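Presented below is the structure to which this report refers.
Letters go in sequence order (proteins before strands), and every chain restarts at 1. What you are looking at is a predicted structure, and each value in this text was computed from that prediction instead of being measured.
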Number of protein chains: 2
Amino acid sequence: MTQPVSKQLTRDSTYSQRTESVLREMILDGGLKPGERLNEVTLAASLGISRGPLREAIQRLASEGLLTVVSHRGAFVRTFERAEVAELYELRSALELHAVRLLCQRASDDDLADLAALLDETESRISGIADPAYPQELDFHLRLVMLVGNQALLTAALEVQRQISLARTMSAQRPTRARKAVVEHADILDALRARDQERATRLMADHIQHSMESAISVLGLPIDDEEPDKGRTKG
Amino acid sequence: MTQPVSKQLTRDSTYSQRTESVLREMILDGGLKPGERLNEVTLAASLGISRGPLREAIQRLASEGLLTVVSHRGAFVRTFERAEVAELYELRSALELHAVRLLCQRASDDDLADLAALLDETESRISGIADPAYPQELDFHLRLVMLVGNQALLTAALEVQRQISLARTMSAQRPTRARKAVVEHADILDALRARDQERATRLMADHIQHSMESAISVLGLPIDDEEPDKGRTKG
DNA sequence: CCTCTGCCAACTGTTGACAGTTGGCAGCTC
DNA sequence: GAGCTGCCAACTGTCAACAGTTGGCAGAGG
């Protein structure tokens with residue numbers, strides 16, 4: 001990769017923006033592993049750009065919670081302890097349970113049909129594959145939040161989703177809960193259709209709980225070795 | 001201000017970090033007004049630094065939702081339309097209602113005493129002043145979220161709080177709801193003490209609703225004139 | 001008087017070089 | 001051999017200059 005960060009089809013008109021996307025992908029794909037340090041000189045060279053735009057991209061990814069920046073030491077792919085992962089799932093509950101409640105009131109039939117279609121597609125896709133890292137656009141949870149029509153809520157949910165996704169890359173083996181998840185998704189959709197708020201929120205809460213337990217159970221020891229500091233960049 | 005961003009007591013060891021804090025304060029204090037453009041050359045000079053660290057600070061504040069960056073045009077203090085403010089309050093509901101629910105289960109008596117003390121202090125402070133922009137550390141809502149002990153949740157709540165705070169600077173006159181708010185806070189605390197989850201969440205939901213109506217009622221027309229583009233920096 | 005075209009100043013995006021900090025290693029001391 | 005001290009290489013933080021883009025203005029044309 002000596003070419004300036006190409007290969008991207010996006011219309012980001014700026015190196016800094018394209019680099020942000022590329023780095024985010026590298027982090028979530030596991031190309032950059034949690035705890036790993038980003039050497040600015042090396043990385044900039046391999047991306048074919050200078051350190052300026054690279055640093056700007058790093059700043060933004062740090063704000064997003066995917067990187068940890070330590071003054072005078074550099075940027076590291078963020079690591080998560082057990083407790084932090086639990087926190088993320090709790091935050092996710094806050095957002096998605098609220099989304100479910102709102103959808104019980106607001107969702108149009110078309111919205112729910114949309115969700116059902118997505119579920120069918122996912123169902124057929126995973127019939128063969130183990131636990132593919134399917135594109136996030138196809139994710140039931142995000143689609144559900146999208147239907148609320150609240151951009152701020154969606155942005156928050158997306159950020160949490162990404163952090164959880166990163167945390168999951170810390171464990172080598174992936175829990176293959178995909179099929180069970182689909183079933184639970186279907187149940188939730190069912191409750192949504194019935195406009196049964198109590199049941200829908202309960203099912204969603206349980207589902208997220210299961211998802212968390214599955215994720216945490218395969219997580220390495222909470223004792224992180226090679227780590228600089230915790231928390232986000234600033235205090 | 002030709003001195004390098006001093007006056008800050010924080011231990012931010014870097015121009016970039018200090019600048020982020022200073023800019024955030026300028027934005028929330030109203031020193032930089034919504035829609036206003038940040039001229040990099042001018043601003044950097046007045047802060048006594050070069051454009052590099054300034055741009056990094058800008059990137060982070062954009063990720064935080066306080067600035068809007070438009071390629072090749074610059075950074076603008078973010079503006080909000082009515083609908084966006086409503087979205088923010090809805091997101092705030094998601095976070096704080098969840099916090100209330102958790103506190104009904106988890107909060108220790110000491111925690112609630114802490115909250116009561118805060119409330120007393122606030123009560124005595126506003127007895128004279130109209131609607132002072134009291135420091136956010138004294139804010140009932142943030143303290144409430146803090147007590148949950150979930151850093152991720154707190155970070156999210158803080159970010160929403162800041163955006164709402166910025167949105168409120170768009171209207172010249174401030175709604176002086178302080179006294180009513182304190183009463184409502186006291187009611188919520190009362191419900192928390194009784195561990196009455198249903199009542200506590202209902203009171204909090206109503207309270208946020210009132211707060212939103214108050215904020216939106218004094219907001220200027222949703223037709224923003226002098227504005228570059230909507231949404232955060234990236235798509 | 002209005003509209004379109006082309007130029008220009010202002011500003012952002014990017015770069016390469018310079019300065020200060022950090023962590024580790026060699027060598028000295030005990 | 002263990003521990004301390006001082007130096008050094010690697011790397012981050014910052015700067016100033018260069019390059020490309022944008023929006024507006026002047027002037028021609030209708």
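Ion pair Arg78(B)/Glu84(B) flagged as a salt bridge, since at least one NZ, NE, NH1 or NH2 atom sits closer than 4.0 Å to an Asp/Glu carboxylate oxygen. Taking a cutoff of 4.0 Å between a charged side-chain nitrogen and a carboxylate oxygen, Arg24(A) and Glu20(A) qualify as a salt bridge. For Glu90(A) and Arg101(B), the salt-bridge test fails: no basic side-chain N is under 4.0 Å from an acidic carboxylate O.
Glu56(B) places its CD atom 14 Å from the P atom of dG13(C), with the value rounded to the nearest Å. Ile49(A) places its CD1 atom 11 Å from the C1' atom of dT15(C), with the value rounded to the nearest Å. If you measure from atom CD of Gln59(B) to atom P of dT12(C), you get 12 Å, rounded to the nearest angstrom. Distance CG (Leu47(A)) to C1' (dT15(C)): 15 Å, rounded to an integer number of Å. Leu54(B) places its CG atom 12 Å from the P atom of dT14(D), with the value rounded to the nearest Å. Between the CD atom of Glu36(B) and the P atom of dC11(C) there is a distance of 14 Å, given to the nearest Å.
Comparing dC15(D), dT12(D), dT12(C) against the side chain of Arg37(B) picks out dT12(C) as the nearest. With dT15(C), dC15(D), dG13(D) as the choices, the nucleotide that has an atom nearest any side-chain atom of Ser50(A) turns out to be dT15(C). Nearest nucleotide to the Ser16(B) side chain, out of dT15(C), dT12(C), dT14(D): dT14(D). Side-chain atoms of Glu40(A) lie closest to dT12(D) of the nucleotides dT14(C), dT12(D), dT14(D). Side chain of Val41(A), nearest nucleotide from dT15(C), dT12(D), dT12(C): dT12(D).
Residue-level contact check: Leu43(A) touches neither bases nor backbone, having no heavy atom under 4.0 Å from any strand. When heavy atoms are screened at a 4.0 angstrom cut-off, Leu38(A) is found touching the sugar-phosphate backbone but no base atom.
Side-chain contact annotation: Glu64(A) with Ser63(B), donor-acceptor N/O pair under 3.5 Å absent. Side-chain atoms of Glu159(A) and Thr155(A) include no donor-acceptor pair closer than 3.5 Å. When only modelled atom types and interatomic distance are considered, Gln161(A) and His141(A) share no side-chain donor-acceptor pair under 3.5 Å. Side-chain contact check for His207(A) and His185(A): at least one donor-acceptor pair (N or O, by modelled atom type) lies under 3.5 Å.
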Is there any protein nitrogen or oxygen under 3.5 Å from a nitrogen or oxygen in nucleotides 22-25 of chain D, and what are the pairs?
unit_1, atom_1, unit_2, atom_2, d
dG23(D), OP1, Arg73(B), NE, 3.4

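At least one donor-acceptor pair closer than 3.5 Å links the side chain of Thr169(A) to the backbone N or O of Leu166(A).
Heavy-atom distances to DNA chain C give each of Gly52(A) and Thr42(B) a nearest nucleotide, and the one nearer the 5′ end belongs to Thr42(B).
In this structure, Phe140(B) CZ and Leu118(B) CG are separated by 7.5 Å, a value rounded to the nearest 0.5 Å.
OP1 and OP2 of dG16(C) both lie 4.0 Å or more from every side-chain N or O belonging to Arg51(A).
Recorded end-axis angle for the helix from dC1(C)-dG30(D) to dC30(C)-dG1(D) stands at 10°, based on five pairs per end and rounded to 10 degrees.
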